[in-house]
Amino acid sequence: MTIAIASAMMAPLSSCQRQAAQPDNPLLQQSTLPFGAPDFSRIKNSDYLPAFEFAVQDTRDNIEKIVANAEDPTFHNTILPFEECDRTLDRVSRVFFALTEADKTPEISETEKKVIPMITDLQNEIMFNKPLFQRIRQVYDNEYDSLQGEDKKLLEEVYKEFVRNGALLSDEKMERMKAINLRISELQQQWGDLLQEATNDAIVWVDSEEQLSGLSPADIEQCKKDAESRGGKAPYAIVIVNTTQQPLLTSLDNRDLRRQVYEASIHRSDGTNKYNTYPLVSEIAKLRAEQAEIMGYPCYAAYSLENTMAKTPENVYAFLNDLIKKYVPKANAETKAIEAYARKTEGASFQLQPYDRFYYSAKMKKELLNISDDEVKPFFNVDSVLINGVFYAANRVYGLTFKERKNIPLYHPDMKAYEVFDKDGQSKALFYCDYYRRPTKRGGAWMDGFAKQSRQRQQLPIIFNVCNSAKAPDGQPSLLTWDEVTTMFHEFGHALHGILSDCQYNRLSGTSVARDFVEMPSQFNESFASIPEVFDHYARHYETGDTMPAELKERMLKSITFQTAYALGENLAATCADMAWHMLPSSEVPSAEAAATFETEALKKVGLLNEQIPPRYHTSYFNHVWGGGYAAGYYSYLWTEVLAVNIADVFAERGALDPATGQDMCDKILSRGNTGDLMQMFTDFTGMEHPDASSLLKARGL
């Protein structure tokens with residue numbers, strides 16, 4: 001199942017009731033828009049719950065038909081119908097859960113509380129349906145060796161999904177797994193609500209413009225706008241983004257205000273205020289560990305990693321420990337250099353604090369490289385970065401062109417939609433972008449789709465990117481930092497994985513790959529941001545349209561690798577915290593009261609307890625792990641960065657914007673989804689039998 005599940009508390013709609021309900025609900029009707037795009041001009045919040053009720057029962061009915069088939073089970077009468085059984089539910093879910101992430105109004109939140117148990121129950125019903133699994137198992141036993149290509153891969157993935165979810169368990173253990181699945185889904189929904197509320201509330205109110213000394217006029221105006229939109233308790237407000245460090249700390253002169261901002265970030269949901277996610281963390285971790293034990297694994301990491309490129313926790317730790325060994329001396333030297341620099345102006349007794357680091361590092365960079373964010377941001381207008389950068393690179397490398405579609409209804413006025421055409425002018429995909437932050441959107445940046453590509457369904461992909469950049473006041477340009485520029489390129493790399501997909505089956509298409517492969521296309525796509533021809537095409541002054549002067553460009557590109565130990569260290573620390581939580585047996589998972597101490601001790605054990613370089617996400621707001629799909633998987637960002645660097649080296653050797661190399665990349669990786677062995681795809685493109693991790697530190701300037 002792609003999403004799946006149903007509430008025992010809700011009486012299933014009868015067949016005639018459902019037939020009557022369907023025509024009146026735009027979520028259940030075939031859209032007449034291009035690509036079958038969701039018609040947000042017609043969809044109301046009140047449509048979602050009845051659409052889910054219908055779609056869940058429709059899935060149930062389709063499963064019953066498969067089970068009731070009197071013929072011997074075959075690929076065509078069992079696996080193919082199973083692949084299509086939740087098609088309506090998939091469509092409804094993709095629209096609804098896009099909003100729970102990007103525009104979670106109170107009404108959407110209330111609906112989610114009813115929907116999550118409903119689809120979790122359905123997933124349990126399906127995964128533990130013994131007659132259904134028996135048919136699937138018979139097909140696997142009888143036809144696996146004779147099937148070819150995507151048919152064989154589809155059968156393998158379906159069979160393994162049932163086994164990994166407990167289809168071979170005893171009745172008693174099945175019941176326990178059902179209960180665990182339901183409880184985890186409830187806890188993750190609570191996590192999402194609580195963390196969003198905590199982050200939105202972690203505002204530092206500022207009484208005067210003088211306190212904002214060091215910020216640019218545009219940033220000060222943004223603080224004023226943020227204050228107005230969040231209740232106006234003071235004239236200015238500094239809002240908190242999802243990561244530990246906050247972008248404005250590079251510029252704020254007021255040290256006490258820097259401290260307040262940093263502490264608001266790290267304490268947003270750790271129980272030092274009215275928000276405390278640790279009880280959720282502890283229970284989720286314990287339940288995951290129990291899941292693994294029921295399935296015969298010593299810990300959740302072992303269970304989770306079996307289906308990835310890394311395969312085992314031992315392989316992940318071997319990878320991480322090698323990086324840590326090389327990183328620590330670089331990090332210590334970087335910290336000493338920043339503190340020594342700060343002492344030149346603050347005195348010999350000055351003690352560098354984590355909220356000081358970005359501030360003095362920025363000043364140091366300004367002095368040594370004569371560069372600052374405020375100097376380059378006028379050249380990074382969000383519209384130019386998208387059209388003249390992100391889209392331009394995709395055109396040069398993959399032959400894609402983009403046309404804005406203003407007649408496509410959107411779920412928020414800040415969005416835009418583009419039709420994507422291939423090099424032959426054929427319509428290829430629909431792409432939405434939603435780049436500006438708002439209180440109803442969770443932090444971070446991501447890619448997903450309203451529909452995945454599938455030849456079986458005759459469906460072209462409908463893909464979207466979501467980011468959290470500040471939207472400038474009306475009439476002013478929205479300017480980005482370099483980090484936000486690379487984030488746009490990163491998320492569009494995921495989008496390309498969906499847009500260029502050419503697979504038979506929905507289950508296998510696009511980004512339906514292992515976690516430690518899925519981040520590779522996105523991290524690789526970041527490399528185009530700094531390729532001179534691409535950079536010159538989008539880095540244009542928002543007023544004059546002039547390209548960035550060569551001398552400024554040289555300084556700016558050099559600055560990318562200035563003091564990069566921090567970025568690697570915060571990622572390593574978050575990764576090791578994630579792994580530590582998921583290496584535990586259920587009996588050893590710490591209580592909510594001991595959670596913070598556990599993280600501290602875990603980082604100390606691997607040599608990463610460093611006040612100056614805290615985790616990119618502390619446990620209490622680590623959404624990837626507790627609210628998303630990256631439990632025991634955050635390492636994949638570093639793992640896939642190695643793959644991405646290796647692939648970028650191939651492009652550099654053949655020509656960074658070479659269309660033939662782009663076609664090769666598309667044919668061997670981006671179009672293939674999860675239709676083959678992922679390591680073999682990497683080898684087919686690069687010619688390398690194994691990834692070369694030695695290039696990672698070099699690429700980061702370390």
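The figures that follow rest on heavy atoms only: side chains count, while hydrogens, waters and symmetry mates do not. Positions are given from 1 along the sequence. Note that the coordinates shown come from a computational prediction; the quantities given were computed from them, not determined experimentally.
In this structure, the ring-ring contact (aromatic ring centres under 6.0 Å, His included) partners of F319, at least two apart in sequence or on a different chain, are W639. The side chain to side chain contact (heavy atoms under 4.5 Å, CB included) test applied to P354 returns Y262, E611, Q612, not counting sequence neighbours. When the ring-ring contact (aromatic ring centres under 6.0 Å, His included) test is applied to Y275, no partner is found at least two apart in sequence or on another chain. Residues satisfying the ring-ring contact (aromatic ring centres under 6.0 Å, His included) test with H582, not counting sequence neighbours, are Y300, W626. For E110, the salt bridge (Lys or Arg N to Asp or Glu O under 4.0 Å) partners at least two apart in sequence or on another chain are K113.
Two residues are said to be in side-chain contact when any heavy atoms from C-beta on lie closer than 4.5 Å; L638 and L572 meet this criterion.
Aromatic pair F358/Y566: ring centres closer than 6.0 Å. F379 has its ring centre no less than 6.0 Å from the ring centre of Y542. Aromatic rings of Y436 and H412 (six-membered ring for Trp) have centroids beyond the 6.0 Å cut-off, not under it.
With salt bridges taken as basic N to acidic carboxylate O contacts below 4.0 Å, one links D356 and R258. The residues D383 and K416 are annotated as salt-bridged, a charged nitrogen and a carboxylate oxygen being separated by less than 4.0 angstrom. Ion pairing between E375 and K366 holds under the 4.0 Å rule for side-chain N and carboxylate O. Classification of E339 and R357 as a salt-bridged pair fails, no side-chain N sitting under 4.0 Å from a carboxylate O.
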Can D578 and Y635 be said to form a side chain to side chain donor-acceptor pair (under 3.5 Å), step by step?
CA-CA 8 Å; D578 167 34; Y635 78 92; over 6 Å; no
Is there a ring pair (Phe, Tyr, Trp, His ring centres under 6.0 Å) between F489 and Y538? Walk through the geometry before answering. CA-CA 12 Å; F489 275 86; Y538 72 82; 5.7 Å; yes
**Report entry** From CA spacing to verdict: side-chain contact (heavy atoms from CB on, under 4.5 Å), D219, S216
**Finding:** CA-CA 5 Å; D219 284 336; S216 67; 3.3 Å; yes
Test log, rule side chain to side chain donor-acceptor pair (under 3.5 Å), inputs Y360 and T345: CA-CA 10 Å; Y360 289 102; T345 55; 5.2 Å; no
Stepwise side chain to side chain donor-acceptor pair (under 3.5 Å) test for D256 and Q260: CA-CA 6 Å; D256 186 59; Q260 291 179 52; 3.0 Å; yes
**OP:** Applying ring pair (Phe, Tyr, Trp, His ring centres under 6.0 Å), run through F524 and F528 and close with a yes or a no.
**Re:** CA-CA 8 Å; F524 162 67; F528 291 114; 5.2 Å; yes
Using the side chain to side chain donor-acceptor pair (under 3.5 Å) rule, take H618 and E599 through it: C-alpha gap first, then chi angles, then the decisive distance, then the call.
CA-CA 8 Å; H618 279 293; E599 180 191 282; 2.6 Å; yes
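Side-chain atoms of T440 do not come within 3.5 Å of backbone N or O of T105 as any donor-acceptor pair.
R268 forms a cation-pi arrangement with Y621, by the criterion of a distance under 6.0 Å to the ring centre and an angle within 45° of the ring axis.
Atom NZ of K330 sits in a sparse spot, with 12 or fewer heavy atoms from other residues, nucleotides or ligands closer than 6.0 Å. Summarising the local packing, NZ of K553 is surrounded by more than 12 heavy atoms from other residues, nucleotides or ligands at distances under 6.0 Å.
Of the options F598, F622, Y630, Y634, a ring-ring contact (aromatic ring centres under 6.0 Å, His included) to W581 is made by F598 and by none of the others.
Between the side chains of W446 and N465, not a single donor N or O lies within less than 3.5 Å of an accepting N or O.
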Could you pull out every donor-acceptor pair under 3.5 Å between side chains of residues 558-565 and any protein atom, sequence neighbours left out?
| unit_1 | atom_1 | unit_2 | atom_2 | d |
| --- | --- | --- | --- | --- |
| S559 | OG | M556 | O | 2.5 |
| T561 | OG1 | K558 | O | 3.4 |
| Q563 | OE1 | S361 | OG | 2.5 |
| T564 | OG1 | R700 | O | 2.5 |

